[in-house]
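Worksheet for the structure shown next.
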Protein chains: 2
Amino acid sequence: MSLRHALLGFIEMLQPVSGYDLKKWFESSIRFYWPATHTQVYRTLAELADRKLVTTKKIEQTIRPDKKLYSLTDRGKQELVSWLREPLDLPATRHGLMVQLSFADLLDIGDILSLLSNYASKVSAHLLFLKKDQQKFSQYGRTTRERLLWELILESGLEYYRGELRWTEKAIRRLKAHAGKGL
Amino acid sequence: MSLRHALLGFIEMLQPVSGYDLKKWFESSIRFYWPATHTQVYRTLAELADRKLVTTKKIEQTIRPDKKLYSLTDRGKQELVSWLREPLDLPATRHGLMVQLSFADLLDIGDILSLLSNYASKVSAHLLFLKKDQQKFSQYGRTTRERLLWELILESGLEYYRGELRWTEKAIRRLKAHAGKGL
DNA sequence: TCATACATGTAAGTTGTTACATGATTGC
DNA sequence: GCAATCATGTAACAACTTACATGTATGA
């Protein structure tokens, strides 16, 4: 599971850091590649502490709720770096729209086109969102190489969604052309 | 969950059909968009039968193990068609390589390039595999519109992986250039 | 003789989602 | 006055994975 290692990675970058802040970092960056809810984050942090990959320190606060700060242990860093080197399998994608289209011959053309245009508009909205994020994000890198890596990751997302848009538009054209032939 | 509806869709196409055959159809087609193990298939079929969306018929066999054949009920077909019309959220992708690259500044350049070239070779292998599948697959469509849909689905996969390859090659070039500057 | 196809399942574990729970402070 | 931020968690459920289990027939 990459969630564990994503957390180790962020802790390495930000230590000492609270679960709450880790969750916020997830939200604003890696979530496009590995989404996680706060429930999962806290559960996984507890497990990492159990396995002595991180240490915790309780901070008592008066006007805010108490919090715990996490830091990496040597074993945690070892675990992180050795995972970073591991070649992974191709990700298993689950793309509900494609499942729908597989059986969409049961629908009439209007319904099929709605599915596609709904997808297109969600993809466009997401693209806009990613572009806004773009500037904000690439500033944080601590080395030029880290900034380059983050830029590449963001471009991968942009290109993926641009590709989805192109494909959706093509699919709409082809389906309309096909429907037209029937007249 | 799309698995339930993917099964309903295949049952609609192939009924009466055994769980074993449904699994094989998954393997050879939809698995790229919605992978499922045989455990999941059998469990979900039992649930669909429980909910009266499908009916089963036991076939006793001597030289082969007995089997169950599944067919759609009217309620099953209704459920399928109404799901097919539902606009879905954007799929949540989990892309481990991107998680690794997010923290890859902890690695040396050789390790980073290995991650990328390993990914590239897996993507290429998968592309070859998809292209082989291409002819075999598009023959099955029962209407011209169904064939068009399946063609579009397959193209979406091809374009995705071609995009991944292009991105990976660009990433390798940029990282090599960056490493070169340091000399 | 060894792997593969046929055909179905159970059990146990891991991961991921949703709802519930608390309670002060700050900004609109 | 109401929503959002801060900060952490539990409980219950849903989905997915891996290992275990059985037993015949066919082809390389």
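Between A/Phe26 atom CZ and C/dT15 atom P there is a gap of 13 Å when expressed in whole angstrom units. The nearest whole Å value for the distance from the CD atom in B/Glu47 to the P atom in C/dG9 is 15 Å. Going from atom CZ of B/Arg51 over to atom P of D/dA14 covers 11 Å, rounded to whole Å. Between the P atom of D/dT17 and the CG atom of A/Asp89 lies a distance of 12 Å, rounded to the nearest Å. Across the protein-nucleic acid pair, A/Leu69 atom CG and D/dC6 atom P stand 15 Å apart, rounded to whole Å. We find that CG of B/Leu3 is positioned 16 Å from C1' of C/dT15, with the value rounded to whole Å. What separates CG of A/Leu45 from P of D/dT10 is a distance of 12 Å, to the nearest Å. Spacing between atom NE2 of A/His5 and atom C1' of C/dT14 amounts to 15 Å, rounded to whole angstrom units.
The shortest distance between the side-chain N/O atoms of A/Lys68 and the OP1/OP2 oxygens of D/dG9 is below 4.0 Å. The shortest distance between the side-chain N/O atoms of A/Arg43 and the OP1/OP2 oxygens of C/dG16 is not below 4.0 Å. OP1 or OP2 of C/dC6 sits under 4.0 Å from a side-chain N or O of B/Tyr20. Taking 4.0 angstrom as the limit, A/Lys24 places a side-chain polar atom (N or O) nearer than this to OP1 or OP2 of D/dC6. Within the 4.0 Å cut-off from OP1 or OP2 of C/dG16, at least one side-chain nitrogen or oxygen of B/Arg94 is found. The shortest distance between the side-chain N/O atoms of B/Gln40 and the OP1/OP2 oxygens of D/dT17 is below 4.0 Å. OP1 or OP2 of D/dT8 lies within a sub-4.0 Å distance of a side-chain N or O belonging to A/Tyr42.
Side-chain atoms of B/Trp167 come within 3.5 Å of backbone atoms of A/Leu152 as a donor-acceptor pair (strictly under, hydrogens ignored). Here the side chain of A/Arg4 pairs no donor or acceptor atom with the backbone of A/Leu48 at under 3.5 angstrom. Without hydrogens or angle criteria, B/Arg147 side chain to B/Gly141 main chain gives a donor-acceptor distance under 3.5 Å. Checked by atom type and distance alone, the side chain of A/Glu146 never pairs as donor or acceptor with a backbone atom of B/Asp105 at under 3.5 Å.
Comparing B/Ser18 and B/Ala92 against DNA chain C, the residue whose closest nucleotide sits nearer the 5' end is B/Ser18. In terms of position on DNA chain C, the residue among A/His38 and A/Pro35 whose nearest nucleotide sits closer to the 5' end is A/Pro35.
Looking at A/Thr44, its side chain has no donor and acceptor atom pair within 3.5 Å of the base of C/dT15. Between the side chain of B/Thr37 and the base of D/dT18, no donor-acceptor pair under 3.5 Å is found.
Out of D/dA11, D/dC16, D/dA19, the shortest distance to the side chain of B/Met1 is found at D/dC16. Side chain of B/Arg4, nearest nucleotide from C/dA19, D/dA15, D/dT18: D/dA15.
For the residue pair A/Gln100 and B/His5, no side-chain donor N or O sits within less than 3.5 Å of a side-chain acceptor on the partner. Side-chain contact annotation: B/Glu164 with B/His95, donor-acceptor N/O pair under 3.5 Å present.
Partners of A/Arg51 by side chain to side chain donor-acceptor pair (under 3.5 Å), not counting sequence neighbours, listed by chain and number: A/Glu47.
Of the candidates B/Tyr119, B/Tyr160, B/Phe32, B/Phe32 is the only one forming a ring-ring contact (aromatic ring centres under 6.0 Å, His included) with B/His126.
Comparing the end axes of the helix from C/dT1-D/dA28 to C/dC28-D/dG1, each fitted to five base pairs by superposing C1' atoms of four pairs onto the next four, gives an inter-axis angle of 50° (nearest 10 degrees).
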